[in-house]
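Read through the structure below, which is laid out as C-alpha cells, and then see the notes.
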Amino acid sequence: MPRPSKPRKVKRIPRYTRFYAEGHENSKHLILLNVEEYETIRLMDYVGLTQEECAISMGVGRATVQSLYVEARKKMARFLVEASGLRIEGGNYEVCSEQPIIAEMRSRKGENVMKIAVTYENRQVFQHFGHTKQFKIYQVEEGKIVKTEVIDTNGSGHGALAGFLKENEVDTLICGGIGAGARNALAEAGIRLFPGAAGDADAQVESFLAGSLNYDPDTMCNHHGEEHSCENHKKDHSCGENHGCGNH
C-alpha cells in the first residue's frame, strides 16, 4: 500500500468557506477547494510569498506547492466562469503557528544579507503604508543589524512606494495597515510583507530576526469617506483625518 502523505502545514483557516454567484445561492453545482489549495492562494497571491517560501511554510516540496496552486487557480477560474458555488473544506492539513516559519525561511534560503524597511514615525511603526513619509532601513548580515538609516519618501505615495523600496534594494517590509493595491505592488516587486505590526520600530525588527514578530497578515486599510480606519484583526483604531491608507 502507498505510504499516506504527511499533512500540509496551514497557518490560517479561511474565515468564509462558501461563495455563490448572485442569484445562484441555491445552486447544487459546487466546486470544492480544499484547505491546502486555499493556503497556496493565500500565501502566494495575497501575502506575496514566492513558490519556494510557500513550500517552506507548508512543509512540502516546490512540486507539491505548484500542483496545489495550479489546481486551486483552475477551480477559482471555473467558479468565476461557470457561476457555480465554491466551498472550501477538507484536505490533508494541520494548523500550525505562523511565527516560527520566519526564521526557518531565512535559514533554509541561506539569506546572509537582508534589507528590512519599516514604515517610520517618531521611532514607531507608522500605521498607514500609503502615507508614510519615512522608512527606517535595516541592513542585516548573519542575522545581526549592521547598519540603519532613515530615508524620506520624498512625496512618493501608494503604488509608487513599492518601486521606491525596490530601488533601495529592500526585500522585506514591516508595517501597520496596508491596502490591497499596495500589497499587489509589493508582491510584484518581490518584497515580502509583514503587516499589522505596531510599537517601537527597532524592537519589531529585533523580534522579526528572532522569529517572534507579532504581526497579522490579514491586516487591511480601507477608505471610509473623509475618515479612514484600519482593520487590524487584533485591534481596532481610528486613522484620523489627516492621513489615509495605502490602497491605491
Side-chain angles (χ1 to χ4, degrees), residues 11 43-44 46-50 52-54 56-57 97-154 156-179 182-221 230 232 234 245-246:
K11 310 304 183 299
L43 290 175
M44 290 197 286
Y46 182 73
V47 177
L49 297 189
T50 65
E52 181 181 1
E53 291 168 339
C54 181
I56 294 171
S57 177
S97 170
E98 194 150 17
Q99 293 177 353
I101 200 64
I102 301 170
E104 183 183 350
M105 284 164 53
R106 293 200 310 274
S107 62
R108 289 185 58 175
K109 289 187 69 180
E111 291 184 351
N112 295 320
V113 179
M114 301 175 64
K115 266 196 172 183
I116 303 170
V118 180
T119 49
Y120 192 71
E121 183 180 63
N122 296 327
R123 300 183 180 180
Q124 304 292 303
V125 178
F126 185 64
Q127 288 301 299
H128 315 290
F129 174 80
H131 281 249
T132 189
K133 295 180 180 179
Q134 292 181 322
F135 289 105
K136 188 167 184 178
I137 308 295
Y138 301 77
Q139 184 171 323
V140 178
E141 296 180 6
E142 303 293 342
K144 303 293 184 182
I145 299 171
V146 297
K147 180 182 178 181
T148 65
E149 63 177 327
V150 177
I151 59 175
D152 294 330
T153 61
N154 298 319
S156 298
H158 301 299
L161 288 174
F164 177 83
L165 291 173
K166 187 174 183 179
E167 289 174 2
N168 283 276
E169 301 180 336
V170 167
D171 52 61
T172 302
L173 171 68
I174 297 173
C175 66
I178 186 168
R183 284 176 176 270
N184 293 336
L186 290 166
E188 291 176 3
I191 298 172
R192 290 178 299 175
L193 173 64
F194 295 88
D200 181 83
D202 292 352
Q204 302 314 302
V205 174
E206 291 287 359
S207 295
F208 172 81
L209 295 174
S212 59
L213 177 66
N214 184 19
Y215 75 105
D216 184 350
D218 293 331
T219 299
M220 294 289 291
C221 263
C230 287
N232 186 321
K234 295 177 182 175
C245 308

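Asp171 and Met114 get closest at one heavy-atom pair: OD2-CA, 3.6 Å. Between Val118 and Tyr138 the shortest heavy-atom distance is CG2-CE1, 3.7 Å. Residues Val125 and Ala201 approach most closely at CG2-CA, 4.0 Å, considering heavy atoms.
A 4.5 Å side-chain heavy-atom check between Ile145 and Glu206 finds at least one atom pair inside the cut-off. Inter-residue side-chain proximity for Thr132 and Glu121 is flagged as unmet; no heavy-atom pair is nearer than 4.5 Å. A 4.5 Å side-chain heavy-atom check between Tyr215 and Pro195 finds at least one atom pair inside the cut-off. Contact check for Ile178 versus Leu186: side-chain heavy atoms found under the 4.5 Å cut-off.
One finds the CZ atom of Phe129 at 5.5 Å from the CG atom of Leu165 (value rounded to the nearest 0.5 Å). With values rounded to the nearest 0.5 angstrom, Gln204 atom CD is found 6.0 Å from Leu213 atom CG. Atoms OG1 and NZ, from Thr119 and Lys133 in turn, are 14.0 Å apart once rounded to the nearest 0.5 Å.
When the side chain to side chain contact (heavy atoms under 4.5 Å, CB included) test is applied to Ala189, the partners found at least two apart in sequence or on another chain are Lys166, Ile191. For Asp202, the salt bridge (Lys or Arg N to Asp or Glu O under 4.0 Å) partners at least two apart in sequence or on another chain are Lys136. Remark: Gln139 pairs with Glu141 by the side chain to side chain donor-acceptor pair (under 3.5 Å) rule, at least two apart or across chains. Listed by chain and residue number, Ile137, Ile151 satisfy the side chain to side chain contact (heavy atoms under 4.5 Å, CB included) test with Glu149 (two or more places apart in sequence, or in another chain). Shown here are the side chain to side chain donor-acceptor pair (under 3.5 Å) partners of Gln134, two or more places apart in sequence or in another chain: Asp152. Considering only residues two or more places apart in sequence or on other chains, Lys115 meets the side chain to side chain donor-acceptor pair (under 3.5 Å) condition with none of them.
When atom types are taken as modelled, the side chain of Thr153 and the backbone of Leu161 share no donor-acceptor pair closer than 3.5 angstrom. Gln127 places a side-chain N or O within donor-acceptor distance of the main-chain N or O of Ala197, the cut-off being under 3.5 Å. Between the side chain of Thr172 and the backbone N or O of Ile116 there is no donor-acceptor pair closer than 3.5 Å. Listed for the Ser57 side chain is no donor-acceptor partner under 3.5 Å among the backbone atoms of Glu53.
Note on ring orientation: taking the six-membered ring where Trp is involved, the planes of Phe194 and Phe208 are perpendicular (angle over 60°, cut-offs 30° and 60°).
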